[in-house]
Amino acid sequence: MSGSALSTRCVIAGGGPAGMVCGTLLARAGIDVIVLEKHADFLRDFRGDTVHPSTLEVFYELGLLDEFLALPHQEVRHLHMDIGGQRFIIGDFTHLPTHCKFIALMPQWDLLNFLARKARAFPNFRLLMQTKASTLIKERGEVVGLRAQTREGELNISAGLVIGADGRHSTIRAQAGFVPQEFGSPIDVIWFRLPLKLSDPKEPVARLAAGRFLVMLYRGDYWQCAFVVPKGGFEHILHEGIDAFQARLASIAGFAADRVDTITNFDDVSLLTVRVDRLKRWAKPGLLCIGDAAHAMSPVGGVGINLAVQDAVATANILWKALKLGRPTVEELNRVQARRELPTRLTQSAQVLIQNRIVAPTLALEGELKPPIAMKLLDWFPVLRRIPARLVGIGVRPEHVSKELRVWNGTAQPRIS
Ligand SMILES: Cc1cc2nc3c(=O)[nH]c(=O)nc-3n(C[C@H](O)[C@H](O)[C@H](O)COP(=O)(O)OP(=O)(O)OC[C@H]3O[C@@H](n4cnc5c(N)ncnc54)[C@H](O)[C@@H]3O)c2cc1C
């Protein structure tokens, strides 16, 4: 395919949640769209697995919910947290004004494969795997396409719009000259698996104690675990050695303490560096960044996937008509940022506050951790548990698929009224 060329209305760099949802929605609207994913498949670990009620509501609006929920998943109706050995319910999703009053835990590759299957049903949708966006093509200062590397060689794609949905190390935003504002993060995450036993609970576990914080996600046949450490703390853990790491884990792992010795060396774990950043401008003529490419999210609250999905829905709602007619203007592209910037700012501010004021000080603490008064309030007044559930499950300014894009029934495409 050396030096080969394609032309499309919209090319999206990145087949993560933002890129795949945006591609699926634009394909439903009858727009010619190409999504590029640099990997050969979606089978990568170390990504969030939480599909929140707001995202499930989008699937409901698209008529895809039943099929989606037929895939293996776990439903989390309450969020629990163990603090200093005491158990608290910190979120109650059962009262949300959504069709699904739970978080669905599903490996992200199942979510992305599902979207790919749905989008591929449209002849105007193309998903190019093992295709890495590398350079923006510009004419008279405007973006008019991108260059990508495939296994066969270079591919030039000309497009009315390039969407950068290529995550927090985005090539597209760097190519556009966009420099994100960094908000720092005092934490990193060590990611690993622990075996499951039949007697284990089947819901996520979050355990917080002085100097230690462990989250365990039930994955059906194993536990996906996130051990939170202070930024740079992994070096210290490496220095201490694997026995000391096992001992640290055992002291916080509760029912799973009996199997921490399955982590036999540091090849069994991965370090995920956490960053929180945001672009000042998400768009320029011919180009728009969405999802983590526009605003890298911290894992706090597990809301990054859902913000990426919300960006994708807003992008399709705002731009589909312009894309059907041709090339959106930069004013139209800016409307996506105008719509999504406030929810992003508020969510990131909350994440930074929790990272800096709760997680980092707890990790620095020695001795005993006493549950904060807020936890006790949630215990005394269960109605208060609905507040964190709403913030995490729905968030600020949830997006709904526009009516025209909802009704596509496979025979007629939405009309521009
Ligand atoms: C440790 C950690 C844990 C997290 N846990 C959760 C969680 O539990 N729940 C949650 O909701 N969020 C979580 N997040 C945040 C979440 O992972 C992101 O916010 C979310 O994945 C963003 O989606 P996206 O589609 O914008 O980007 P990504 O998911 O990063 O997807 C980008 C895609 O683009 C591809 N790509 C990159 N460069 C190129 C290129 N040049 N050409 C073509 N393709 C390219 C990548 O392979 C990838 O598939 C976590 C984050 C971290 C750091």
Side-chain angles (χ1 to χ4, degrees), residues 12-23 25 35 46-48 50-52 54-55 58 108 112 133 136 143 161-189 231 272-284 287-319 330 332-356 359 391-399:
I12 301 176
M20 288 305 296
V21 170
C22 192
L25 288 172
V35 178
F46 319 131
R47 299 175 131 191
T50 52
V51 185
H52 288 217
S54 58
T55 298
V58 167
Q108 202 181 113
L112 296 174
L136 289 174
V143 176
L161 176 63
V162 173
I163 296 183
D166 49 344
R168 59 212 186 108
H169 304 294
S170 170
T171 302
I172 296 294
R173 78 179 182 190
Q175 279 280 314
F178 290 161
V179 181
Q181 185 184 1
E182 302 247 4
F183 301 101
S185 170
I187 55 168
D188 282 329
V189 174
K231 183 109 348 247
L272 297 187
T273 55
V274 175
R275 63 191 281 178
V276 182
D277 65 31
R278 191 169 62 241
L279 292 181
K280 277 209 168 82
R281 281 172 58 204
W282 298 16
K284 65 194 306 186
L287 173 81
L288 173 68
C289 290
I290 60 170
D292 268 21
H295 47 75
M297 304 300 292
S298 155
V300 169
V303 292
I305 297 169
N306 301 281
L307 272 235
V309 169
Q310 301 285 306
D311 281 5
V313 172
T315 302
N317 283 348
I318 292 169
L319 297 180
V330 73
E332 286 165 327
L333 300 180
N334 285 338
R335 284 182 52 214
V336 176
Q337 177 176 357
R339 170 93 198 155
R340 295 303 308 156
E341 187 158 8
L342 179 72
T344 306
R345 273 175 183 270
L346 292 176
T347 310
Q348 287 185 322
S349 302
Q351 289 187 320
V352 169
L353 192 83
I354 292 170
Q355 283 181 175
N356 294 350
V359 182
L391 293 174
V392 169
I394 299 182
V396 182
R397 191 183 275 166
E399 301 292 339

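Along the sequence shown, residues are numbered consecutively beginning with 1.
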Step-by-step side chain to side chain contact (heavy atoms under 4.5 Å, CB included) determination, Q355 to V276: CA-CA 11 Å; Q355 283 181 175; V276 182; 3.9 Å; yes
For E399 and V58 the tightest heavy-atom approach is O-CG2, 4.1 Å
d(M297 CE, N306 CG) to nearest 0.5 Å is 10.0 Å
**OP:** Verify side chain to side chain contact (heavy atoms under 4.5 Å, CB included) between I290 and I12, making sure each step is shown before the conclusion.
**Re:** CA-CA 10 Å; I290 60 170; I12 301 176; over 6 Å; no
For T315, the side chain to side chain donor-acceptor pair (under 3.5 Å) test, sequence neighbours excluded, returns none
Residue set satisfying salt bridge (Lys or Arg N to Asp or Glu O under 4.0 Å) with R335, at least two apart, ordered chain then number -> none
Heavy-atom side-chain proximity of Q310 to P343 below 4.5 angstrom: no
Rounded to the nearest 0.5 Å, the CD atom of E341 sits from the CG atom of D311 at a distance of 11.0 Å
| query | Any donor and acceptor pair, going by atom type alone, linking the side chain of Q351 with main-chain N or O of V300 inside 3.5 Å? | reply | yes
Checking side chain to side chain contact (heavy atoms under 4.5 Å, CB included) for the pair E332/L319: CA distance, chi angles, key distance, verdict?
CA-CA 7 Å; E332 286 165 327; L319 297 180; 4.0 Å; yes
Can you give the donor-acceptor pairs under 3.5 Å from side chains of residues 15-22 to other protein atoms, not counting sequence neighbours?
none

Problem set entry | Backbone of V51 reached by a side-chain donor or acceptor of Q108 within 3.5 Å | no
When every non-hydrogen atom of P299 is compared with those of V189, the smallest separation belongs to CG-CG2, 4.2 Å
Here the gap from N317 atom CG to L25 atom CG, rounded to the nearest 0.5 Å, amounts to 7.5 Å
- If we only count heavy atoms from C-beta on, is the I172 to L136 side-chain gap below 4.5 Å? yes
So CG of L307 and OG1 of T55: to nearest 0.5 Å the spacing works out to 9.0 Å
R173 meets the salt bridge (Lys or Arg N to Asp or Glu O under 4.0 Å) criterion, sequence neighbours left out, with D277
Problem - Backbone N/O of H52 and side chain of T50: donor-acceptor pair under 3.5 Å - result: no
By salt bridge (Lys or Arg N to Asp or Glu O under 4.0 Å), D188 pairs with (sequence neighbours left out) K231
Rounding to 0.5 Å, atoms CD1 (I318) and CZ (R340) come to a distance of 9.0 Å
Rounding to 0.5 Å, atoms CZ (R278) and CD (Q348) come to a distance of 5.0 Å
Heavy-atom nearest pair, C289 first then F178, reads SG-CD1, 4.1 Å
Nearest heavy-atom approach of A293 to L279 is O-CD1, 3.7 Å
Applying salt bridge (Lys or Arg N to Asp or Glu O under 4.0 Å) to R281 and not counting sequence neighbours gives none
In short, A283 meets L333 closest at the heavy-atom pair CB-CB, 3.7 Å
- Query: Under 4.5 Å between any side-chain heavy atoms of S170 and D292, yes or no?
  - Reply: no
For K280, does its backbone N or O pair with a side-chain atom of Q337 as donor and acceptor, under 3.5 Å? yes
